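The next block holds one structure in the form of structure tokens; read it before the comments.
Below, chain A is the first sequence line, B the second, and so on; all start at residue 1. This one's a predicted model, so the numbers in the text were calculated from it and none came from an experiment.
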There are 2 protein chains.
Amino acid sequence: MSIDVGARLRRVRLIYGLSQRELARRAGVTNGLISLIEQNRVSPSVGSLKKVLDGVPMSLAEFFTINVDEAPQIFYGDDELVEIGSDDVSLRLVAAQRPARQLTILRERYAPGAATGDDALSHRGEEGGVVVRGRIELTVGGTTRVLGPGEAYYFSSTIPHRFRNVGREPCEIISASAPPTF
Amino acid sequence: MSIDVGARLRRVRLIYGLSQRELARRAGVTNGLISLIEQNRVSPSVGSLKKVLDGVPMSLAEFFTINVDEAPQIFYGDDELVEIGSDDVSLRLVAAQRPARQLTILRERYAPGAATGDDALSHRGEEGGVVVRGRIELTVGGTTRVLGPGEAYYFSSTIPHRFRNVGREPCEIISASAPPTF
DNA sequence: CTCTTGTGTCCATGATGCTAAACAGGTTGC
DNA sequence: GCAACCTGTTTAGCATCATGGACACAAGAG
């Protein structure tokens, strides 16, 4: 069938946490147009679609390339980590099946209530990590989940993300990112 | 600036050797529309562009992904072949600068008495060719034969081989080999 | 409760895409 | 010569897109 431009746009917009009006403002179009496109009530001109995507920003190539069906796995349960270590050195690999990984490991500790800031982070590369102690609220794109000890995450750093300790005890995470930003 | 949809479409269409009318017929649109799009006199709707590309066929993702700037060179003039041989054995390479070549095509010219060297050649892949002018003595493994114009050869490059011009006039061969060694 | 501010949807109208057909130029064959 | 057929371009008119604004609903603040 035809490409579901509407669903794609809606997904992209929500991943970046924008309302129709906010996206419209950034793109220099009307909110009504965003609404009509997302409902597939119109087939936007390439020019219009480009304007809209410039507000994200995202290229037309990216837009038509992203797979809306199978989103890459973001959250991993305790039992979804792959053990690649030995008896005395346990190495449990996150996103083992994800191709072309390049990781730098960090150890992060969050005080109760601490967060990575009011604005969401967004930068090059990919990052992932494991909660060792405490509980952390992680927002990636439009999805939010509270992770506890043993649970993990892995996502592309270009998707806006934010960490916040919602527990009463310190939270500890073993994380990795690439390419190194520090 | 904006994506040059017109140039992209024209390039795609010509790569596939279609006229505006033929593409229009396959796509179920009018030839006028193809013309207008290629001139960037309109910004086609995504739906229309998809219809057009279905006539190729090509996906929207492909369409926006292809690099329209660096069009691979198709035709090479005599002086556009890169010389990689020596004085008495001239090897002129086709599409030398093209990245990720799968094939090495050479126009070889042997001066009278010239040879590829005292030791026999041996490398990966397969190679073959046709003698265009003169006579060449080709030794492959234990077999030797003299080939004249119109005659050809094909063998696995791992078998030791050697070329030698046994005639009194220059010998010219068009050869091909894969994977590329240059 | 009202008022404000956010969300997404709907509608009339002007802007633009798209079609059908005519047009102009080039090549082939009679 | 000209007729037939190809090529890409242009144009009038109709269909569709895109806008600006109204509308309905929900969540908070006072």
Side-chain angles (χ1 to χ4, degrees), chain A residues 1-58 60 63-64 68 118-120 137 139 141-144 160 162 164 166, chain B residues 1-58 60 63-64 68 71 74-75:
Chain A
M1 271 302 282
S2 64
I3 299 271
D4 191 348
V5 174
R8 291 181 109 85
L9 179 58
R10 171 155 288 176
R11 179 177 197 87
V12 167
R13 178 173 64 80
L14 292 178
I15 283 177
Y16 283 82
L18 302 174
S19 68
Q20 289 183 347
R21 280 183 163 79
E22 174 59 18
L23 175 57
R25 190 192 61 74
R26 297 191 188 187
V29 299
T30 57
N31 61 303
L33 176 59
I34 307 289
S35 177
L36 293 171
I37 292 175
E38 291 189 354
Q39 297 173 81
N40 286 320
R41 303 238 324 245
V42 298
S43 176
S45 75
V46 172
S48 296
L49 181 58
K50 179 167 194 316
K51 270 174 72 177
V52 169
L53 292 177
D54 284 344
V56 172
M58 172 177 284
L60 286 162
F63 180 76
F64 287 110
V68 295
D118 291 326
D119 294 338
E137 179 196 80
T139 302
T143 318
T144 297
R162 185 167 183 266
R164 190 160 66 96
V166 292
Chain B
M1 272 299 287
S2 64
I3 299 267
D4 191 349
V5 174
R8 290 181 109 85
L9 179 59
R10 170 155 289 178
R11 174 167 297 283
V12 167
R13 177 173 65 81
L14 293 178
I15 285 176
Y16 283 81
L18 303 174
S19 68
Q20 289 182 349
R21 279 183 165 79
E22 175 60 18
L23 176 55
R25 189 191 62 75
R26 298 191 188 186
V29 299
T30 59
N31 61 303
L33 176 59
I34 307 288
S35 178
L36 292 172
I37 292 175
E38 292 188 355
Q39 298 172 78
N40 287 318
R41 303 240 323 250
V42 297
S43 176
S45 75
V46 172
S48 296
L49 181 58
K50 179 165 195 313
K51 269 174 73 176
V52 169
L53 292 177
D54 283 344
V56 172
M58 172 176 285
L60 286 162
F63 180 76
F64 287 110
V68 70
I74 296 177
F75 304 107

First locate atom [atom1] of [X], then atom [atom2] of [Y], and finally report the distance between them rounded to the nearest 0.5 Å.
{"X": "B:Arg13", "Y": "B:Leu53", "atom1": "CZ", "atom2": "CG", "answer": "13.0 Å"}
{"X": "A:Leu33", "Y": "A:Arg41", "atom1": "CG", "atom2": "CZ", "answer": "12.0 Å"}
{"X": "B:Phe64", "Y": "A:Lys50", "atom1": "CZ", "atom2": "NZ", "answer": "10.0 Å"}
{"X": "A:Ser48", "Y": "A:Ile37", "atom1": "OG", "atom2": "CD1", "answer": "6.5 Å"}
{"X": "B:Leu49", "Y": "B:Lys51", "atom1": "CG", "atom2": "NZ", "answer": "12.0 Å"}
{"X": "B:Ile34", "Y": "B:Glu22", "atom1": "CD1", "atom2": "CD", "answer": "11.0 Å"}

Rounding to an integer number of Å, can you tell me how far [X] [atom1] sits from [N] [atom2]?
{"X": "A:Leu23", "N": "C:dG8", "atom1": "CG", "atom2": "P", "value": "10 Å"}
{"X": "A:Asn40", "N": "C:dT9", "atom1": "CG", "atom2": "P", "value": "12 Å"}
{"X": "A:Arg13", "N": "C:dT9", "atom1": "CZ", "atom2": "C1'", "value": "12 Å"}
{"X": "B:Gln20", "N": "C:dT19", "atom1": "CD", "atom2": "C1'", "value": "15 Å"}
{"X": "A:Glu38", "N": "C:dT9", "atom1": "CD", "atom2": "P", "value": "7 Å"}
{"X": "B:Arg41", "N": "C:dG17", "atom1": "CZ", "atom2": "C1'", "value": "12 Å"}
{"X": "B:Asn31", "N": "C:dA20", "atom1": "CG", "atom2": "P", "value": "10 Å"}
{"X": "A:Leu33", "N": "C:dT9", "atom1": "CG", "atom2": "P", "value": "13 Å"}

>> Mind checking if A:Ser45 touches a base, just sugar-phosphate, or nothing, with heavy atoms under 4.0 Å?
In response: sugar-phosphate
> Within the structure shown, what part of the strands sits under 4.0 Å from A:Gln39 by heavy-atom distance: base, sugar-phosphate, or nothing?
Replying inline: sugar-phosphate
>> With a strict under 4.0 Å distance from non-hydrogen atoms of chain A, what nucleotide opens and what nucleotide closes the contacted stretch of DNA chain D, reading 5' to 3'?
In response: D:dC17 to D:dA22
> Base, backbone or nothing for each nucleotide of nucleotides 24-29 of chain C, written B, S, -, heavy atoms under 4.0 angstrom, 5' to 3'?
Replying inline: ------
>> Judged by each residue's nearest nucleotide on DNA chain D, which is more toward the 5′ side, B:Gly32 or B:Ser19?
In response: B:Ser19
>> side-chain contact (heavy atoms from CB on, under 4.5 Å) for B:Val29 and B:Leu23? Distances and angles first, verdict last.
In response: CA-CA 8 Å; B:Val29 299; B:Leu23 176 55; over 6 Å; no
>> Quick check: do B:Arg10 and B:Gln20 have side-chain heavy atoms less than 4.5 Å from each other?
In response: yes
>> Could you report the tightest heavy-atom contact between A:Phe63 and A:Val5, atom names first, then the distance?
In response: CZ-O, 3.8 Å
